[in-house]
Amino acid sequence: MSITIPDLVTVRARHPEAIAEAAARRVRRPLLGDSGRLMIVAADHPARGALGVGDRRTAMANRADLLERLCVALSRPGVDGVLATADILEDLLLLGVLDGKVVMGSMNRGGLSGAAFEMDDRFTGHRAEDIERLRFDAGKLLLRIDYDDPGSLTTLESTARAIDDMAARRLPLFVEPFISRRIDGKVRNDLSAEAVTRSIAISSGLGGTSAYTWLKLPVTADPDDMAEVMETSTLPAVLLGGEVGDDQEGAYEKWRKALRLPTVQGLVVGRSLLYPADGGVEAAVDTAVGLL
């Protein structure tokens, strides 16, 4: 069955079973390919209400446009897979673009951007059993820790249980930790070497086993601190992209340095590649792949 983006609504309305059928026939691959590196495109931001890119507050709100950008990114050589929530991954399944790709389900999206309960980041996305049932390859969760916000404790405990649930199924789980605090009412992530070091130490010790835990980490404010920071854990790690503003070249240079470190296995980047400040998606993705 050949599906295009304009067909998605009709297929969902008339044949919702098509999603499970597409998941069942998807061709899978190992998490790490021959290169031993990972290049994952992330698109789980909308489910947390984070639709903005730079000064475009609703850049990610047009679903057809987002899907087109994702299809282009996934078609580029060296792109291993995608991280997203159920709605987006199921659209991509129906479009038939996930064969031979690593598919990562986003697990906690309850800490809505700008909400009073942002630190109480409930698991409102994929559960471990969903990732197993759909034959996806990994999960991802966001762990922001604010020492002044009791909601962080709920997130910590939920994270530990998610790690246990995924490990029981022998499924990798990518944990994205931050030490965060509110400044003028807005949650800000601390990218100092001390804060990133502490976040790694805390997240590495969660759950009854770390056998299937990966870390998804930011580059520190001073990239030269990364070598010492990454000595905090032996868990494999990937770098996250985050907001890079107009200095795309500066971001590439930070990633390039950090990718040389022994525990860093790849990149998981979203908005900066899907909505680059200059040029098209193809050029941005190809440049990022070249860093690996």
Side-chain angles (χ1 to χ4, degrees), residues 30-32 36-42 44 80-83 102 104-109 111 121 123 125-126 128 131 136-146 152 155-167 169-180 189-223 225-242 251 254-270 288 291-292:
L31 180 68
L32 291 176
R37 308 287 260 174
L38 271 178
M39 177 68 222
I40 303 294
V41 179
D44 60 342
D80 293 289
V82 61
L83 157 66
V102 172
M104 298 173 57
S106 186
M107 301 180 75
N108 63 327
R109 299 280 84 186
D121 204 347
F123 281 65
H126 286 103
I131 293 171
F136 291 164
D137 305 296
K140 172 261 178 181
L141 59 83
L142 176 63
L143 174 61
R144 291 172 299 172
I145 302 165
D146 183 344
S152 290
T155 306
L156 269 170
E157 183 179 21
S158 300
T159 295
R161 300 293 76 79
I163 289 171
D164 291 339
D165 289 345
M166 290 290 282
R169 294 166 170 82
R170 299 185 177 182
L171 288 167
L173 179 56
F174 289 68
V175 178
E176 180 180 349
F178 291 98
I179 302 299
S180 307
N189 297 325
D190 187 344
L191 300 185
S192 68
E194 180 182 349
V196 177
T197 296
R198 194 182 310 129
S199 75
I200 293 172
I202 293 167
S203 55
S204 296
L206 292 173
T209 178
S210 62
Y212 294 89
T213 304
W214 285 58
L215 299 175
K216 180 173 179 274
L217 300 172
V219 176
T220 47
D222 183 346
D225 290 331
M226 280 298 285
E228 184 174 356
V229 165
M230 295 306 296
E231 293 175 351
T232 309
S233 176
T234 59
L235 297 184
V238 292
L239 304 178
L240 62 91
K254 289 181 180 181
W255 299 339
R256 182 180 290 109
K257 289 181 179 180
L259 283 165
R260 299 174 187 152
L261 300 173
T263 57
V264 178
Q265 308 295 304
L267 286 167
V268 179
V269 187
L291 300 178
L292 300 176

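The nearest pair of heavy atoms linking Ala193 to Val229 is O-CG2, 3.7 Å. When all heavy atoms are compared, the tightest approach of Gly111 to Arg144 is O-NH2, 3.4 Å. Of all heavy-atom pairs between Asp190 and Ala195, the closest is CG-CB, 3.4 Å. Taking every heavy atom of both residues into account, Pro30 and Val102 meet most closely at O-CG2, 4.0 Å. Ala258 and Val219 get closest at one heavy-atom pair: CB-CG2, 4.3 Å.
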List the steps and the verdict of side-chain contact (heavy atoms from CB on, under 4.5 Å) for Val269 and Trp255. CA-CA 11 Å; Val269 187; Trp255 299 339; 3.7 Å; yes
Step-by-step side-chain contact (heavy atoms from CB on, under 4.5 Å) determination, Gln265 to Trp214: CA-CA 10 Å; Gln265 308 295 304; Trp214 285 58; 3.7 Å; yes
Apply the test side-chain contact (heavy atoms from CB on, under 4.5 Å) to residues Leu217 and Ile200: give CA-CA distance (whole Å), side-chain angles for both, the deciding distance (0.1 Å), then the verdict. CA-CA 8 Å; Leu217 300 172; Ile200 293 172; 3.6 Å; yes
Full working for side-chain contact (heavy atoms from CB on, under 4.5 Å) between Asp165 and Leu173: CA-CA 10 Å; Asp165 289 345; Leu173 179 56; over 6 Å; no
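Annotation: the span from Met107 atom CE to Thr159 atom OG1 amounts to 9.0 Å, rounded to 0.5 Å. Atom CE in Met166 sits 4.0 Å away from atom CD1 in Ile131 (nearest 0.5 Å).
Taking the side chain as every heavy atom from C-beta outward, Leu38 and Leu32 approach each other to under 4.5 Å. Side-chain atoms of Ile202 and Leu156, non-hydrogen and from C-beta on, do get closer than 4.5 Å to each other. Taking 4.5 Å as the limit, some side-chain heavy atom of Leu239 sits within range of a side-chain heavy atom of Met226. The shortest distance between side-chain heavy atoms of Leu83 and Lys216 falls below 4.5 Å. Ile163 has its side chain out of reach of Tyr212: every pair of non-hydrogen atoms, C-beta onward, lies at least 4.5 Å apart.
At least one donor-acceptor pair under 3.5 Å links the side chain of Asn108 to the backbone N or O of Leu142. Put simply, the side chain of Ser152 gets close to the backbone of Asp146: a donor and an acceptor are under 3.5 Å apart. Of the possible donor and acceptor atoms, one in the side chain of Arg37 sits under 3.5 Å from a partner among the backbone N and O of Val264.
Among the candidates Val175, Asp164, Leu143, the single residue satisfying the side chain to side chain contact (heavy atoms under 4.5 Å, CB included) test with Leu206 is Leu143. When each of Ser210, Ser233, Ser199 is checked for a side-chain hydrogen bond (donor to acceptor under 3.5 Å, both in side chains) with Ser204, only Ser233 meets the rule.
Remark: Asp222 pairs with no residue by the salt bridge (Lys or Arg N to Asp or Glu O under 4.0 Å) rule, at least two apart or across chains.
A donor-acceptor contact under 3.5 angstrom links the side chains of Ser106 and Asp44, judged on distance only. Asn189 and Ser180 are linked by a side-chain donor-acceptor pair at a separation below 3.5 angstrom, with hydrogens and angles left out of the test.
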